[in-house]
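Reading through the structure tokens given below for one structure.
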Amino acid sequence: MQVSSADSTRAVGVQRLRLVLHGAVQGVGFRPFVYRLATEMGLAGWVLNSSAGLVIEVEGSPEELERFRSRLEIERPPASLVLAREASWLPAKGYAGFRILPSDEAAEKTAAVLPDLATCPECLAEMLDPANRRYLYPFTNCTRCGPRYTIILDIPYDRPRTTMRGFSLCDDCLREYTDPADRRFHAQPNACPRCGPRLTAAVADAARELAAGRIVALKGIGGFQLLVDARNEEAVQRLRRRKRREEKPFALMMPALETVRRYCMVSETEAELLLSPAAPIVLLRPNGTPGIAPSVARSSPYLGVMLPYSPLHHLLMREFPHPIVATSGNLSDEPIAIDNEEARERLAGVADFFLMHDRPIARPCDDSVARVVRGRASIVRRARGYAPLPVRLDRDLPPLLAVGGHLKNTVAIAPGRQVILSQHVGDLDTLEARRAFERAIEDLCRLYRFEPRLLACDLHPDYASTQWALRAGLPVIAIQHHHAHAAACAAENEVREPYLGVAWDGTGYGLDGTIWGGEFFLVERGRFERVAHLRPFRLPGGEAAIREGWRSAASLRYETFGPQSLAQGPLRLMLERGLNSPWTTSVGRLFDAVAAMTGVARVNRFEGQAAMMLERAIGSLQGEEAYPLSAGDWRPLVEAIEHDLGKGEATAHIALRFHNALANWIVEVAEEAGLRDVCLSGGVFQNGYLVERAAALLEARGFRVWTHQRVPANDGGLALGQAVLAAERI
Ligand code: ZN
Ligand code: ZN
Ligand code: FE
């Protein structure tokens, strides 16, 4: 490998850890404390007060940095209050010494809007104390916990500008609110049974409904959730039928960490994530313990599990201490319901029982999804608990709005040196969803007093987001889908050019009008060169082939073994004549084809299902065995698979050899490209096995591998990449 790099003198294994802390961290001696701690530990870097929170950067070995992080938590000034925090592991810059940098006094705005935070231990203890005035009160919160982003109507964040404005504080609550020594000093959603929001039904009744196998609609923090006993197969199936969600995995809520450990393997990092104030759904490996209904997650190698994060959830789990399905309150493909009336109407045919309350929700915010990849947290769906924390950049951007993709949509605004990504909006297939998309844009711009001068969108002319951008009356810069993926990964990891971007997903509009999705880009001086891609194949039936992977399988067979490998019929005719059979280089579609060939999955009932099932098929098998996939030519791979199938090879081996082939191909291209930094992005890299394998092989050869941390690898991260690239084009 020829590595062109200016930093070969740097010690191997040195990394940069950036922590961004939000809360009461200013004016409490935090910066001197950080300075003393870093200096004592001999770590170089800096600390800075900024509009985007208190930013700390330190460099050292991963072990030293982990130690720094935990000491920071334990030893920080007693008067400080850390409400939200995000960590990024970045390439080292070679800092010398530790410095306190002058504050950056730019826009104060962003610091004001914090994400919703899970119930803190003190509030929980009060709620469970019969002597406390908040005993069993489902809207208990304090300055350290409770709703924020989902109740704020306008800035600055103050009670009259939240959805709590209709509730006036009683004397006791007012005393807490105005006493600087109180835990509830200026806690905007402060409330008690006397003066605060109330439930429309009893928690015990909801628990009884769950126990009877019925479906409960619960008004949560960022919208309604549909709940059902996760141990009851018949009830789970009923929820699937009513919600019209055939097979997409459901998330679970479990009463406590011990329950999660009973059903799943939980590492220390995963436990930390489950218990964090963001309290996301964490994708975990099931440990094989029976008890969870099979139709909760038939296709996935993972179970998505979260812990109770609001007082109401805690109270419900206290009455019903078992795993429950907790999925967003909508019909498949629609946005999550947030209003009581709306929910009653839209969920009438789904829920048997409604547990609602009279605290309005300002904006929808689904549960976030995260996982641990390469030993670190990585966000798959960014919403409750994370939105709207800004992603800090190493450069200033012009005032632009990026409208994201079509599926798993998020939008982003760029006030200066940061990008604020909206919460997950969802797929833009329905009119309802497109309205939610427009509301998300208006809402974000209004909340931050942001006036975009420029729009960034996907190159795909048919995306609802692109069409909105073209109608909006502002200059528009269209960004190629996979460029945006790679740039999002590079931006959040602060990877300097040149780098190799590996962007693999299901579909994206290519520069040549074909469907891309297995792309390698050499990124240098703001320009992208497509240095490698999957050998193209036809998708007979076009859109239909995205759902029906057997069509891709037939196409690969046709190309590999000739026309006689397919029976006479419309499909063969389509391929022979090239009718309604667009070309693609998509690795996602290659996954579909292999899943169909092996009988693992003939169709996708939701995006990425076949790929998920193929990853699951590996099971616990390990090894170096791999199919040939040199230069992205899948013909030898298809031959080898057919050969293996012919001799009755176990599916686990075929799945393993296929995944390893993909990882080997990445290494092959990386070695040819000779760039030290490799960014992996796109929906395919939600495949845990593939990411771990590719990263391990690359790192063993001296490459630095960058994967997503705070922003999703899937289309939920596109808006960030669009924003960064659009800024380079003007
Ligand atoms: Zn609290
Ligand atoms: Zn009160
Ligand atoms: Fe994509």
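When reading the values below, keep in mind they use all heavy atoms of this one structure, side chains included, and skip hydrogens, waters and symmetry mates. Counting starts at 1 for both ligands and their atoms, following the listed order.
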Side chain to side chain donor-acceptor pair (under 3.5 Å) with D367: which of R381, H424, Q225?
Q225
For NE2 in H481 and NE2 in H485, the angle at the Fe ion (ligand 3) (nearest 10°) is 90°
Indicate whether any N or O donor in one side chain lies under 3.5 Å from an N or O acceptor in the other, for Q423 and D366.
no
With a 6.0 Å cut-off on ring centres, are H357 and F139 close enough?
yes
Establish, for the pair R384 and Y309, whether the NZ or CZ atom is under 6.0 angstrom from the six-membered ring centre and no further than 45 degrees off its axis.
yes
Suppose you place the vertex at the Zn ion (ligand 1); what is the angle out to C120 SG and C142 SG, to 10°?
100°
Taking the six-membered ring of F537 as reference, does the cationic atom of R589 (NZ for Lys, CZ for Arg) lie under 6.0 Å from its centre and within 45° of its axis?
no
Atom name in D715, limited to N/O/S, at shortest distance from the Fe ion (ligand 3):
OD1
To the nearest 10 degrees, how large is the angle at the Zn ion (ligand 2) between C170 SG and C195 SG?
120°
With sequence neighbours left out, write down each residue that passes side-chain hydrogen bond (donor to acceptor under 3.5 Å, both in side chains) with W706, or none if nothing qualifies.
D677
Please confirm if an N, O or S atom belonging to H482, backbone or side chain, lies less than 2.8 Å from the Fe ion (ligand 3).
no
To the Fe ion (ligand 3), the closest N, O or S atom belonging to D505 is OD2
Taking the Zn ion (ligand 2) as the apex, C173 SG and C192 SG span an angle, rounded to 10°, of 110°
